[in-house]
Protein chains: 2
Amino acid sequence: MLNYSTSEENYIKAIFHLQKDGTVTTNELSAELQTRPASVTDMMKKLKTKKLVHYKAYRGFRLTAEGTRVALLIIRRHRLWEFFLAEKLKFNWDEVHEVAEDLEHVGSKKLIDKLDEFLDFPRFDPHGDPIPDSNGKIENTRQVCLTDVPINKPGVVGHVSDQSSEMLELLGHKKIGIGTRLEVKKKFSFDQSMEIKVRQQPPTHISWELAKNIFVKYEN
Amino acid sequence: MLNYSTSEENYIKAIFHLQKDGTVTTNELSAELQTRPASVTDMMKKLKTKKLVHYKAYRGFRLTAEGTRVALLIIRRHRLWEFFLAEKLKFNWDEVHEVAEDLEHVGSKKLIDKLDEFLDFPRFDPHGDPIPDSNGKIENTRQVCLTDVPINKPGVVGHVSDQSSEMLELLGHKKIGIGTRLEVKKKFSFDQSMEIKVRQQPPTHISWELAKNIFVKYEN
DNA sequence: AAAATTTTTTAGGTTTGTCTAAAAATAATT
DNA sequence: AATTATTTTTAGACAAACCTAAAAAATTTT
Ligand SMILES: [Mn+2]
Ligand SMILES: [Mn+2]
Ligand SMILES: [Mn+2]
Ligand SMILES: [Mn+2]
C-alpha cells in the first residue's frame, strides 16, 4: 500500500510544510531541500504518476489527498522520534530534529505505534507541534491569541471571541474571517498595535483591542 | 572518518558474521544477502579500495582491522535497538531483528551512546548475543553452564569449575578441554543427564554432575 | 506590446547499487 | 592429465536520484 523511498518521503514532507496556502513552486522546494530545480521537476513527475501530487508543468504543485495522508504519517514518525529523543534520551530540544530526520524513514507501522504507546501518546513534539495519531489525524486546535503570535509565523484564524456586529464590520473591512491566513509583520510597543499581512493584500495595521479577540492556529 | 552507505554496512556486517573461520566466498555472501554473485564482486572491489576488506580475485575475502571495527559498531547499533524494542516497546524476541535491520543504519554516534545509557548499558541482546561497547569492544566471555545451554546451540568450552584430577581424568577420557567445541543433542529429565556431540566424535553421554561444572561460551 | 529577467523544464551526464549473460579461473571427476 | 562442473569475474545495462547547461515558458519591466 505505502512504501516510499527516503527521497520521495523528504519531498512529500517538504511540500506539505510549504503548501500552507496555494501551490508550491519549483524554486521554493529546491531551496528547502537543497537540491537543484531540475531535480525537483524530475521528482514531481514521478510523484505525479504515483498520484501523490497535483502537478502541471509551470503551474506549481500541491499534495493530493493521498499525498497528504502519506505526509502526515511521515510527520507522525518524525515528531514521535523527536519526543522520544528529548524526553527519554535527554537530547536538547535543538538537537532532535536532525536525528529524527533519519529515523522518520524507518517505516514499520508497528514500531511507530508501539513507540507511541511507550511514550504514553504524547500530543505535541518538543517544539510544540502536534503529533498526528495513528490514522494520521492531526490535532488542529491549538489556538493562540494574535497578541502572542511571534513575528512572521503564519497562522490561520480559527476563532474570534467578540462576535458583535461592530467587530464583524471591522473584520469585514480588513477582509479577515475564519480561515484567513495571516502573519504578524511588526509590533509597536507604544500602543501594542501591530502590522499584519493578509494573503494577496498590502499590509494593514490593527489595534491591540482587535488583536486581543483574534485566535489563530498554526499550520504544520 | 566513518560514514558508509546502508549497502556497504550490510555487506560489512554479513562478512563479519560469516568469516568466523577462514575467508568468506562470493557465493556465501551472495546467499546471505540475497544478491547475485556479480554484485558481491562489485562491492568487494569497492570495500577493498576503502581498505575494509582483504581481497584478491578468486581468493575470497575477510575484514581488515578497520573493517572489523566498523562491523562491531554496526552490530552494536543493531543489538542495542533489538534490546530497546524487546525491553521497552515489548516486541516479541522474534520480531526485533527485522526492525533493527533498518534502525542499525541511522549513524549518529550520540544517538547510540545515549540510547545505551537510557537502556542502562545492557550487555546482551534479546537473543543472548553480546553488545559491543562504545569503543567496539565485545564481551567475549559470557560463559553459560552446560546445563543451561539449549539443544543444538554450539558452544566452546571456556571454563571448568572443578579442577580435581578425578574431574580431569573424566574430561580427558571424553576428549573435552578448554576450547573444545560441542553441542547438546538431547537432555534426559530422569536424571538430568545429556547426550552431547564433540566435533569429529560420536555422541557421548554425560552426567548432570559433570555438566554442572562445564561452562561454555557461544561463538558470534 | 516588446524587451529583459526570472522561473521552470528538457536534454544529456554521473554515481551507486543492482542485474543478466558470457568469459575466465578454479575445483572436482573421470 | 584431460574433461567436466562449479565458482567467480567481467562486460554491458538499468533504475534511482542527483547534476549542469541550454531551451522554453512565464513574469516583470520598460
Ligand atoms: Mn528525512
Ligand atoms: Mn519538531
Ligand atoms: Mn541492515
Ligand atoms: Mn540479535
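Proteins get letters first, then strands, A, B, ... in listed order; numbering begins at 1 in each.
- Summarising the geometry, the separation between CE on B/M44 and P on C/dT18 is reported as 10 Å, rounded to the nearest angstrom.
- Across the protein-nucleic acid pair, B/E8 atom CD and C/dT15 atom C1' stand 12 Å apart, rounded to whole Å.
- Look at A/S7 and you'll find a side-chain N or O under 4.0 angstrom from OP1 or OP2 of D/dC18.
- Atom CE of B/M43 and atom C1' of C/dT16 are 8 Å apart (whole Å).
- Among D/dA24, D/dT8, C/dA11, the nucleotide with an atom closest to any side-chain atom of A/A38 is C/dA11.
- The pair B/K13-B/E32 fails the salt-bridge criterion, with no side-chain N (NZ, NE, NH1 or NH2) lying under 4.0 Å from an Asp/Glu carboxylate O.
- Taking NZ from A/K185 and CE from A/M194, the interatomic distance works out to 13.5 Å, rounded to the nearest 0.5 Å.
- For the salt bridge (Lys or Arg N to Asp or Glu O under 4.0 Å) with B/R76, the lone residue among B/D133, B/D116, B/D129 that qualifies is B/D116.
- Look at A/E66 and A/R69 and you find a salt bridge, because one of the NZ, NE, NH1 or NH2 atoms lies within 4.0 Å of a carboxylate O, short of that distance.
- Here the P atom of nucleotide D/dC18 and the CG atom of A/L47 are 11 Å apart, to the nearest Å.
- A close approach under 4.0 Å does occur between a side-chain nitrogen or oxygen of A/R36 and OP1 or OP2 of D/dT20.
- Rounded to an integer number of Å, the gap from A/L33 CG to D/dC19 C1' is 15 Å.
- For the pair B/N27 and D/dT8, the criterion of a side-chain N or O lying under 4.0 Å from OP1 or OP2 is met.
- Phosphate contact (OP1/OP2 of D/dT9, side-chain N/O of B/T26, threshold under 4.0 Å): present.
- Nearest-nucleotide positions on DNA chain D for A/A57 and B/A57 put B/A57 closer to the 5' end.
- Atom CZ of A/R59 and atom P of C/dT9 are 10 Å apart (whole Å).
- Following rounding to the nearest Å, B/L29 (CG) and C/dT18 (P) show an atom-to-atom distance of 11 Å.
- Between C/dT10 and A/K45, a contact under 4.0 Å exists linking OP1 or OP2 to a side-chain N or O.
- Residue A/Y11 places none of its side-chain N or O atoms closer than 4.0 Å to OP1 or OP2 of D/dA16.
- Atom P of nucleotide C/dT7 and atom CD of A/E28 are separated by 11 Å, given to the nearest angstrom.
- Of the two residues near DNA chain D, A/T6 and B/G60, the one whose nearest nucleotide lies more 5' is B/G60.
- Ion pairing between A/E98 and B/K110 fails under the 4.0 Å rule for side-chain N and carboxylate O.
- A donor-acceptor pair is defined here as one N or O able to donate and one able to accept, closer than 3.5 Å; such a pair exists between the side chain of A/D191 and the backbone of A/S193.
- Note on A/S39: a side-chain N or O is less than 4.0 Å away from OP1 or OP2 of D/dC19.
- The side chain of A/Y55 contributes no N or O atom lying less than 4.0 Å from OP1 or OP2 of C/dT8.
- Closest to the B/Y58 side chain, of the nucleotides D/dT9, C/dT18, C/dT9, is D/dT9.
- Closest approach to the A/D42 side chain among C/dT26, C/dC19, D/dC18 is made by D/dC18 (side chain taken as heavy atoms from C-beta onward).
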